[in-house]
Amino acid sequence: MSAREEISTPKRTKEIIQRYGFKFKKSLGQNFLIDQNILDKIVDAAGLDSDSGALEIGPGIGALTERLALTAGAVTAVEIDRRLIPILKDVLSPYPHVKVRNDDVLNVNLQEMFKEDFTTVNKVSVVANLPYYVTTPILMKLLEEKLPLDNIVVMIQKEVAERMAASPGGKEYGSLSIAVQYYSEPELVCIVPRTVFIPQPNVESAVIRLKVREHPPVKVESEKHFFEVVHASFTQRRKTIANNLKARYFPEQGREQLEALLAEAGIEPTRRGETLSLEEYARLSGVLLAAGIE
C-alpha cells in the first residue's frame, strides 16, 4: 500500500473526517495519530506475524488498525464511539480478518472475546493508542484477568509510562509501578511529540511495551493482600512505611508489633514505600499474613 493511500497521513485523515462530518469528542480522549514512523514503531514493538492476533482498543478511524491488518492474522478493534463504526467498517472493508466491535472494553468479557475472535492464531497482543483518561483501568483489566497475551504495546501519557517502568527509589515509582511489574516486564519504546496527532493533546505521549509474564517474579500467598499492603504503603508518600502501615493495620495500638513484623521482613521502619522492591513487598505481605494481619 502506498504512503498516500494510508489512513495515517494527515491528508487522508482530514479527508475521512470531512467526508463523514466527524466531530471529535473531548470526553472520549480522541486524538488520531498521523505519523507513519510512530505507527511502524508501535507495530514493530508488538512482534506480530501472520500467526498473531491483535486486539486494538480505541481504533478511531483505523490508522493503526490498517497497519495491524497488514501484519497480523486476526485483528479485533473495540471502539466505544458508535459514530466511528460505519467509518471503520468502510475503511477496513479490504481486510476480512478484521472485526470491529462497538463496545466499552471495560465492560467486555475478554475471555469470551478471545475464544470467539482469535481461534485462528496462536498468540495475541494488545496494540493500541489508548484514551488517556482510562489508561490505568484498561491496562489493569488486561493484566489482572490473566488473558493469554504475549505483549501489550500501547501509546499512553508519557508521565504514566514512566511510572509503569520506574525502579524503586525514584519519585515515579509507586503502586502502579509495582502492579504493572508484577504482571509484566515494561519497556519504554519511544517518546511521542504532541505534533503527530489530530487534534494535538495537551501532554506528551510515549509508547510502552509490557511483555506479559507467564508467572509473577515473586511468590505471594494472596495477591489481594499483597496489593492491599502495597496501596497502604503509599497512602501518604512522605510518610514512612511504619506510619502508613500503622494507620491501615494498627490504628489504635500495636507499634511494637508492627516494628517487630517489619524487622522479621528485613525492612527498616523508617524507610518510605517508594524504596521497597517487589521482593520486599512480597516478603512483608507474607509476614503480615502469617501474623493474621489482614
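For F32 and F22, the ring centers are positioned less than 6.0 Å apart.
In this structure, E280 contributes its side chain and S277 its backbone to a donor-acceptor pair below 3.5 Å. Checking side-chain atoms of E79 against main-chain N and O of D81 turns up a donor-acceptor pair under 3.5 Å. Looking only at distances, no side-chain donor or acceptor of R248 sits under 3.5 Å from a matching main-chain atom of A232. With H225 contributing its side chain and E294 its backbone, the two residues share no donor-acceptor pair below 3.5 Å. Judged purely by atom type and a 3.5 angstrom limit, E66 uses its side chain to pair as donor or acceptor with the backbone of I7. S184 places a side-chain N or O within donor-acceptor distance of the main-chain N or O of V180, the cut-off being under 3.5 Å. No side-chain donor-acceptor contact under 3.5 Å links R272 to the backbone of T240. Looking only at distances, a side-chain donor or acceptor of N31 sits under 3.5 Å from a matching main-chain atom of P199. With N129 contributing its side chain and P59 its backbone, the two residues share no donor-acceptor pair below 3.5 Å. A donor-acceptor pair is defined here as one N or O able to donate and one able to accept, closer than 3.5 Å; such a pair exists between the side chain of S177 and the backbone of G174.
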Could you go through N243 and R255, starting from their C-alpha distance and side-chain angles, then the distance that decides it, and tell me whether this counts as side chain to side chain donor-acceptor pair (under 3.5 Å)?
CA-CA 9 Å; N243 284 338; R255 180 79 185 200; 2.7 Å; yes
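Remark: E187 does not engage K211 in a salt bridge, criterion side-chain N to carboxylate O under 4.0 Å. In this structure, K123 pairs ionically with D49, as a charged nitrogen and a carboxylate oxygen lie closer than 4.0 Å. At a threshold of 4.0 Å, the pair E279-R283 does not count as salt-bridged, since none of the basic side-chain nitrogens sits closer than that to a carboxylate oxygen. A salt bridge links E145 with K141: the distance from a Lys NZ or Arg NE/NH1/NH2 to an Asp or Glu carboxylate oxygen falls below 4.0 Å.
With values rounded to the nearest 0.5 angstrom, L147 atom CG is found 8.5 Å from L55 atom CG. Residue L64 holds its CG atom at 7.5 Å from CG of L33, rounded to the nearest 0.5 Å. L142 contributes atom CG, which lies 9.0 Å from atom CG of L106 (distance to the nearest 0.5 angstrom). Separation of atoms NZ (K14) and CD1 (I16) is listed at 13.0 Å; rounding is to 0.5 Å. Separation of atoms OG (S167) and CD (Q181) is listed at 6.5 Å; rounding is to 0.5 Å. Separation of atoms OG1 (T195) and CD1 (I34) is listed at 8.0 Å; rounding is to 0.5 Å.
Residues S233 and V229 have side chains in contact (heavy-atom distance under 4.5 Å, counting atoms from C-beta outward). At least one side-chain heavy atom of L130 sits less than 4.5 Å from a side-chain heavy atom of L139. Put simply, the side chain of M164 does not reach to within 4.5 Å of the side chain of V154, judged on heavy atoms. Here the side chains of S52 and D150 are not in contact, with every heavy-atom distance at 4.5 Å or above. The shortest side-chain heavy-atom distance between E274 and K171 does not fall under the 4.5 Å cut-off. With contacts defined as side-chain heavy-atom distances shorter than 4.5 Å, the pair Q257/Y249 does not qualify. Using a 4.5 Å cut-off on side-chain heavy atoms (C-beta onward), F197 and S205 make contact. Using a 4.5 Å cut-off on side-chain heavy atoms (C-beta onward), V43 and L70 make no contact.
Classified by interplanar angle (parallel below 30°, tilted 30° to 60°, perpendicular above 60°), the ring pair F227/Y182 is perpendicular.
Among all heavy-atom pairs drawn from N102 and R82, the shortest one is OD1-CB, 3.2 Å. A pairwise comparison of heavy atoms in P269 and I241 identifies O-CG2, 3.6 Å as the closest pair. Nearest heavy-atom pair across R83 and K23 is NH1-O, 2.7 Å. Between S8 and R67, the shortest heavy-atom contact is OG-NH2, 4.4 Å. Heavy atoms only, all atoms of each residue included: G273 and F234 are closest at O-CZ, 3.4 Å. What you find for I38 and D35 is that their closest heavy atoms are N-OD1, 2.9 Å.
Just one residue in the list V75, L92, T76, V78 forms a side chain to side chain contact (heavy atoms under 4.5 Å, CB included) with K99, and that residue is T76.
More than 12 heavy atoms of other residues, nucleotides or ligands lie within 6.0 Å of CG in N109, so this atom counts as buried by the packing criterion. Annotation for E112: atom CD counts as buried by contact number, over 12 foreign heavy atoms lying within 6.0 Å. Around atom CD of E223, more than 12 heavy atoms belonging to other residues, nucleotides or ligands sit under 6.0 Å away.
Using a 4.5 Å cut-off between side-chain heavy atoms of Ile, Leu, Val, Met, Phe, Trp and Tyr, with links allowed through other members, V105 and I80 fall into the same hydrophobic cluster.
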